[in-house]
Amino acid sequence: MRFVIIDGRNLTLEQVLEVAERRAQVKLSPSVEKKVRRSRDFIEKALDRGEKIYGVTTGFGLLSDQLIDHSEIEDLQKNLIRSHSVGVGPYFDEVTTRAIMLLRANVIAMGYSGVRIEVLKRLVDMINKGVHPLVPEQGSVGASGDLAPLAHLTSVLMGEGEAVFKGKVMSGERAMEMAGIPILTLKAKEGLALVNGTQVMAAVGLLALLRAERLSKLADIIGACTLDALKGTLSAFDLDIQRVRPFPGSLAVSKNFKKLGRFSEIAKSHQFCSKIQDAYSLRCIPQVHGAVRDALAYVRKILEIEVNSATDNPLVFAEQKKILNCGNFHGEPVAFALDLLGIAVSELGSISERRIEKLINPALSGLPAFLTTEGGLHSGLMMVQVSAAALASENKILAHPASVDSIPTSADKEDHVSMGTIAARKGRDITRNVEHILAMELLCATQGLEFLLPLQPGIGIKEAWRVVREKIPPIKGDRRFSEDIKEIQRLIESGELLRRVQKVVGKLE
């Protein structure tokens with residue numbers, strides 16, 4: 001059984017995926033319990049001294065000037081979770097929910113939250129035993145943390161709300177009972193510590209990022225298939241070109257195309273043709289695909305910091321003997337990065353859609369119109385480009401930055417917010433759309449290659465063509481092409497296409 005050990009400092013994005021998608025078990029580092037207990041002891045001593053602590057002995061937001069009697073502190077935390085459970089819309093899937101839970105546990109493991117070790121252990125138990133709270137996607141503005149969705153998650157710890165356990169939806173109380181996890185009574189600060197943070201936007205964003213990073217390699221494979229099918233030239237991918245404008249992404253893309261296009265008989269056949277240069281959607285692939293990669297590298301850097309950051313308010317610094325109110329819950333760094341993710345990935349789809357047009361348009365491709373030999377009776381892949389255009393245009397709308405918006409909340413106490421969770425959800429949706437656009441391009445490119453036989457494409461391109469042909473036969477006449485697109489999208493999402501091609505050409509950059 002696989003394990004991921006958390007200590008609040010060293011969690012990687014890939015480990016999050018291990019727990020979220022592949023159901024690796026979570027363990028606490030031996031160093032965690034001491035840190036968490038020290039932080040909790042400091043809170044309890046402050047309570048004994050009668051100190052005024054935000055969200056512990058006071059109300060929340062605008063109500064922070066309202067003092068809470070010690071006898072009502074547990075009710076305060078319970079009421080916080082109930083009142084903040086206002087999310088709406090579809091629920092996050094189980095993979096995303098597991099990622100959210102893991103990130104929240106990792107924050108607590110840092111030892112700045114002031115909660116009991118029992119809170120952290122119960123959260124880890126929920127992950128390991130498969131209790132997945134139903135968390136609505138909508139309702140967070142991304143400052144004061146992802147309050148509403150995290151409140152829904154915390155409800156289940158309290159034995160309230162709803163959860164999925166072993167594939168069945170049930171009450172949170174029943175799910176915890178069936179999993180053998182005791183219900184938690186929240187003590188001072190614990191409700192606040194569980195909802196203050198950016199873990200929803202970070203979880204959604206990092207899952208989208210990992211998907212987008214894989215897509216960036218697949219976009220190179222699929223773009224190379226189109227380049228050969230259109231008898232394009234690899235000269236624009238010469239490494240000397242990239243070295244005089246040395247963006248890392250452009251260099252990586254050009255190296256990939258050199259690997260994928262090796263030994264192409266198609267390229268050799270038109271080496272001395274009269275064509276001078278290709279359209280931008282082919283010639284500028286290193287610059288566009290490369291810029292996407294560089295943007296994703298920035299997003300990765302931000303998320304690697306965020307998943308190992310304390311985002312509570314207040315933060316408990318037991319060693320320094322202080323409790324500090326702060327704004328680490330504000331999602332702006334993540335919101336900016338995830339807006340960039342959406343913008344960058346949408347461009348992978350935009351340039352892919354243009355290559356699809358090149359493939360189906362006989363005036364541009366030299367191939368039969370809509371890649372069918374019986375135009376008229378058969379429409380061929382005409383509508384595939386239309387569907388790709390619809391997704392590309394949808395992405396243009398989704399790519400509008402969420403982080404430039406702000407609406408004051410909590411009677412203007414929380415007067416500037418990040419909208420980071422909206423940025424994360426948009427980035428996720430754009431990435432899914434681009435998976436489908438690239439699947440459409442690969443459907444068209446592999447069909448285009450059929451018309452160039454017996455000339456063989458580059459070795460990586462040939463392997464991609466072979467993987468597709470194992471699932472989808474050449475197009476002889478019209479059929480339900482949505483089924484073909486789904487099949488290719490599964491090859492993309494599962495990683496099979498990338499694995500098979502890399503087995504032939506070596507690891508892609």
Side-chain angles (χ1 to χ4, degrees), residues 211 215 218-232 278-282 285 288-289 345-399 428-453 457 461 464-494 497:
R211 203 162 184 152
L215 269 189
L218 287 157
D220 288 353
I221 294 170
I222 294 165
C225 291
T226 297
L227 185 73
D228 242 3
L230 292 173
K231 294 187 175 180
D278 294 318
Y280 288 2
S281 59
L282 299 176
I285 286 175
V288 178
H289 286 202
V345 177
S346 69
E347 280 299 275
L348 275 186
S350 180
I351 197 170
S352 174
E353 183 278 327
R354 287 294 79 203
R355 292 194 296 260
I356 294 172
E357 167 64 15
K358 299 291 182 295
L359 285 161
I360 67 168
N361 188 335
L364 303 172
S365 68
L367 299 169
F370 307 118
L371 301 173
T372 179
T373 53
E374 297 184 53
L377 177 62
H378 295 278
S379 296
L381 296 174
M382 176 194 300
M383 287 301 295
V384 170
Q385 184 268 329
V386 174
S387 186
L391 292 175
S393 286
E394 182 179 322
N395 284 347
K396 293 170 191 174
I397 296 167
L398 290 172
R428 174 201 63 190
D429 294 346
I430 289 169
T431 303
R432 288 174 177 168
N433 285 345
V434 172
E435 276 190 357
H436 286 106
I437 295 172
L438 287 170
M440 293 171 192
E441 182 184 352
L442 187 54
L443 176 64
C444 295
T446 50
Q447 180 64 12
L449 291 169
E450 297 287 337
F451 294 108
L452 302 181
L453 293 172
I461 299 162
W465 172 83
R466 185 181 290 119
V467 171
V468 171
R469 284 290 167 261
E470 287 175 4
K471 302 288 184 181
I472 298 170
I475 298 167
K476 303 297 185 183
D478 286 349
R479 60 192 191 219
R480 288 173 54 83
F481 294 117
S482 64
E483 299 304 315
D484 296 342
I485 295 165
K486 283 181 189 175
E487 198 64 59
I488 296 175
Q489 192 270 339
R490 281 193 284 266
L491 292 172
I492 290 172
E493 185 178 22
S494 68
L497 178 61

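We're numbering straight along the sequence, starting at 1.
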Mark yes or no for whether [X], through its side chain, and [Y], through its backbone, hold a donor-acceptor pair below 3.5 Å.
| X | Y | answer |
| --- | --- | --- |
| R469 | I472 | yes |
| E441 | T226 | no |
| T446 | L443 | yes |
| D478 | G380 | yes |
| S350 | S346 | no |

Please report the shortest heavy-atom distance between L348 and I351, naming the atom on each side. O-CG2, 3.5 Å
Under the rule for salt bridge (Lys or Arg N to Asp or Glu O under 4.0 Å), what residues qualify as partners of E394, not counting sequence neighbours? none
Derivation and outcome, side chain to side chain contact (heavy atoms under 4.5 Å, CB included), residues M382 and I360: CA-CA 7 Å; M382 176 194 300; I360 67 168; 5.6 Å; no
Ion pair check, [X] and [Y], cut-off under 4.0 Å:
| X | Y | answer |
| --- | --- | --- |
| R480 | E483 | yes |
| E435 | R432 | no |
| R211 | E493 | yes |
| D484 | K471 | no |

